[in-house]
2 protein chains.
Amino acid sequence: MIFYPDSEKIEKILNRGEIFEEKYLNSVIEIIQKVKKEGDRALIKLTKKFDNYDLEKKFYFERSELKTFYEKIPENLKVAFNRAKDNIEFFHQAQLEKTFLVESNGAVLGQKITPLEKVGIYVPGGKASYPSTVLMNAVPAKVAGVDKVYMMSPTSGGEINELVLGVAYLAGVDRVYLVGGAQAIAAFAYGTESVEKVDKIVGPGNIYVALAKKMVFGTVDIDMIAGPSEILILADDSADPTFVAADMLSQAEHDELASAITITDNEDLAKEIEQELISQLFKLERRSIAEKSLKEFGGILLVKNLEEGIDFVNKIAPEHFELCVRNPFEYLYKIKNAGAIFMGHYTPEAVGDYFAGPNHTLPTGGSARFFSPLGTYDFIKRSSIIQCSLGYLTKFGKNIMDMADSEGLTAHRDSVKYRMLNGFKTDI
Amino acid sequence: MIFYPDSEKIEKILNRGEIFEEKYLNSVIEIIQKVKKEGDRALIKLTKKFDNYDLEKKFYFERSELKTFYEKIPENLKVAFNRAKDNIEFFHQAQLEKTFLVESNGAVLGQKITPLEKVGIYVPGGKASYPSTVLMNAVPAKVAGVDKVYMMSPTSGGEINELVLGVAYLAGVDRVYLVGGAQAIAAFAYGTESVEKVDKIVGPGNIYVALAKKMVFGTVDIDMIAGPSEILILADDSADPTFVAADMLSQAEHDELASAITITDNEDLAKEIEQELISQLFKLERRSIAEKSLKEFGGILLVKNLEEGIDFVNKIAPEHFELCVRNPFEYLYKIKNAGAIFMGHYTPEAVGDYFAGPNHTLPTGGSARFFSPLGTYDFIKRSSIIQCSLGYLTKFGKNIMDMADSEGLTAHRDSVKYRMLNGFKTDI
């Protein structure tokens, strides 16, 4: 599983999740138009067709109904999810931005922060239906001050993930609709008789969900487009091969398109990690998935030195990045592109996936070059504030009028001119 | 031009810029695929076809070439644009976020801020080719620390807007390509022989540009999708009808889809504004555009009281919002949805369009419900930081393992378990 910088594997990893999937586009557009036109009726028909579930039996759970699912959660999990929720709240509170005012040449300038009013969260059904997804999407919205948090999650052949519903209660979700796919996204974007139109849609989903989000972008806001997941580990001679291999497998078990790579300059360590991978794989429940992922998109990249390794990190722009080195803070500012950075030998990715506080919704597939983790900044909007005085216009009005004139926008110019003249009690 | 709360005009204004335009989608996808496949050759062919311009004559201007255009700018405009640039820099510096670390139950958590590396700015050609667009897009990118800022702007029938090129120099733009339309967006997203692939594309454009941005979203980041522009003014009896009418016209002159509305509870003022509009329209250079805009999407909405007016403001979620009232700060926190808020009688929209400092790229068509002005936050990305200790895992490892188990992800669980066991020097 060891490979070298000249391998084609890097390109293969970077190109494994091409998002531009036109072949699904027409059916997604058709579904969106149908929901926009027919509302609930379309949701009922499409849910029968795709999920084999009858929405007329049960369309959604109100918050009061979710509570009964919360109460059924086993005690040890209740403690765990409550602690995780507290940690997520604590970190996201630290992210909150404040309204500010500053003074510039006599003008008052500022930026006002206002929470979004209504947010829709998509949570996949079936095997990828995770309670941690609910926490990581709903809690930051509530911390930001969002008034209504709605959730859509399809039943899996009529089956409902009760833990997901219980955690939805804990996370503060107001209502859960049993709808999935592109139709769920369309309902959030345009509203139906039963679904309130939201301001922003967040959460992971399959290719139909991803394309639908892209198509309704602008009508509502969306979070990033999620692709296949990855972990990249930079390890020096101080790294523990058992830990490193375990962390690679914790990513590889997700799905066959997942990528798990360790970069090191130490050949002995590389060989030990390889041995560990083989022995840990053997005991793994999701062995066949992890094995395929490792073979196609994983491995140990042996580099000349860690500087060369860091160039690869920034090129790959991993979703999860572990600094399994002696002095992780020495490397922190060399890392330009990474969704989350896990420092040192006692910070496995799983701590961030579930518990520590920062969000587990992270940019995938190299998009950490430009996307950020989900955060409270996703659930607020900003408004600029400007207040000028007659004195300001007297001083700078000529500049503004010259600029307006240079663009041929004379009404813009005149709006300043009338004030300068009227301000001096002169007729125009 | 006076209308009342029960008028259908409000709905008409909200629906005037429906973004979901499938009819152009196929040709946009075709152009994107062509550029992705053929690179420069596609850009040359498409530019010949759409702009009737031969890129082989001159493909782009380097920064050193832009300087000669800057030097040709008339002195009064040079002063105005330099002052505007300083103000834009000042305000956007106030927006900058900082990397932070916090401690939580013994774990170190944080958020690292890193500027994007390469950004592409689109500036329309022809009549809507504005030097202020260049300043408002490039300066925040440079303040955020972006290394390379590239610009695309089509020639208008071989004609080049020299002021736009000169201001591009002032704003710090590194290179200007004479390419427009969907092909410019595709080149930024995928790169060609002459165009470097960027991390984010910003800037306004026509429907082809807007759709192309939407289609490449995910491959790169984009800013919001810009629609037709609007101004909304809330005026009490202290408002000056001359100023109010002038500000309405400064929006209406932009294009026929623009919307300019004043809301007031004062019937005398409403009538005076109406009179002013008629008399100012008469003198206006872009009279026919402004007249059509006012007729279709503009007017004076007479309400019972200003509270009712504020409900309309939040419903319309205007791009530009003027508080032409005696005590504007009294109303500030009642305004939930607005791109920019102009306070009092001496802050015409034009001050913000050109000069004061906050960005003039603002959410349009009601999208101030969820979008923000362009800002330095558009040109950075965040990475989460997590550092745990063995003590942290000892204390909370059980919780994390329980959560992983509840999701059936045993390799996630084991990555914690190996550390807890190895930490105690015990074999697994």
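So that the names make sense, note that chain A is the first sequence line, chain B the second, and so on, each numbered from 1.
- Considering only heavy-atom pairs separated by less than 4.5 Å from chain B, the leading option among A:L409, A:N76, A:L362 is A:L409.
- Using a distance-only test at 3.5 Å, with no hydrogens or angles considered, a donor-acceptor pair links the side chain of B:E253 to the main chain of A:H412.
- There is no contact between B:A107 and chain A, counting heavy-atom distances below 4.5 Å.
- Both the sub-6.0 Å distance and the 45° axial angle are not jointly satisfied by B:K118 relative to the ring of A:F370.
- The shortest distance between side-chain heavy atoms of B:S384 and A:N359 does not fall below 4.5 Å.
- Cation-pi geometry between B:K200 and A:F371 is not met at under 6.0 angstrom from the ring centre and within 45 degrees of the axis.
- Using a 4.5 Å heavy-atom cutoff, the side chains of A:R369 and B:K197 are in contact.
- Remark: side-chain polar atoms of B:K214 are paired, donor with acceptor, to backbone N or O of A:F217 under 3.5 angstrom.
- With a 4.5 Å cut-off on non-hydrogen atoms, B:V198 touches chain A through its backbone but not through its side chain.
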Checklist entry - Going through the distances and angles, do A:S250 and B:D414 end up as a side chain to side chain contact (heavy atoms under 4.5 Å, CB included)? => result CA-CA 8 Å; A:S250 79; B:D414 291 347; over 6 Å; no
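- Contact of B:E276 with chain A is not made at all, since no heavy-atom distance falls under 4.5 Å.
- Here the side chains of B:L393 and A:V351 are in contact, with some heavy-atom distance below 4.5 Å.
- No side-chain heavy atom of A:F90 sits less than 4.5 Å from a side-chain heavy atom of B:N105.
- Taking the side chain as every heavy atom from C-beta outward, B:L332 and A:K112 approach each other to under 4.5 Å.
- Below 30°, between 30° and 60°, or above 60°: for B:F91 and A:F100 the angle between ring planes is between 30° and 60°, a tilted geometry.
- Ranked by heavy-atom pairs under 4.5 Å with chain B, the first of A:G110, A:P74, A:P115 is A:G110.
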Next on the checklist: Test side chain to side chain contact (heavy atoms under 4.5 Å, CB included) on B:V79 and A:N399; report intermediate values, then the result.
Outcome noted: CA-CA 7 Å; B:V79 170; A:N399 295 146; 4.1 Å; yes
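- Counting only heavy atoms from C-beta outward, the side chains of A:S406 and B:L163 approach each other to under 4.5 Å.
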Between side-chain atoms of residues 385-392 of chain A and protein atoms elsewhere (two or more places apart, or another chain), which donor-acceptor pairs fall under 3.5 Å?
| unit_1 | atom_1 | unit_2 | atom_2 | d |
| --- | --- | --- | --- | --- |
| A:S389 | OG | A:G391 | N | 3.4 |
| A:S389 | OG | A:Y392 | N | 3.1 |

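- Looking only at distances, no side-chain donor or acceptor of B:K381 sits under 3.5 Å from a matching main-chain atom of A:N337.
- For the pair B:R413 and A:Y354, the cation-pi criterion (under 6.0 Å, within 45° of the ring axis) is not fulfilled.
- With a 4.5 Å cut-off on non-hydrogen atoms, B:Y377 touches chain A through its side chain but not through its backbone.
- Looking only at side-chain heavy atoms (C-beta outward), A:S415 and B:E349 stay at 4.5 Å or farther from each other.
- With respect to A:R419 and B:D247, a salt bridge is recorded, a charged nitrogen being found less than 4.0 Å from a carboxylate O.
- Using a 4.5 Å cut-off between heavy atoms, B:P328 touches chain A through its side chain atoms alone.
- Annotation: side chain of B:I29 is in contact with side chain of A:L25 (closest heavy-atom distance under 4.5 Å).
- Below 30°, between 30° and 60°, or above 60°: for A:F396 and B:F355 the angle between ring planes is between 30° and 60°, a tilted geometry.
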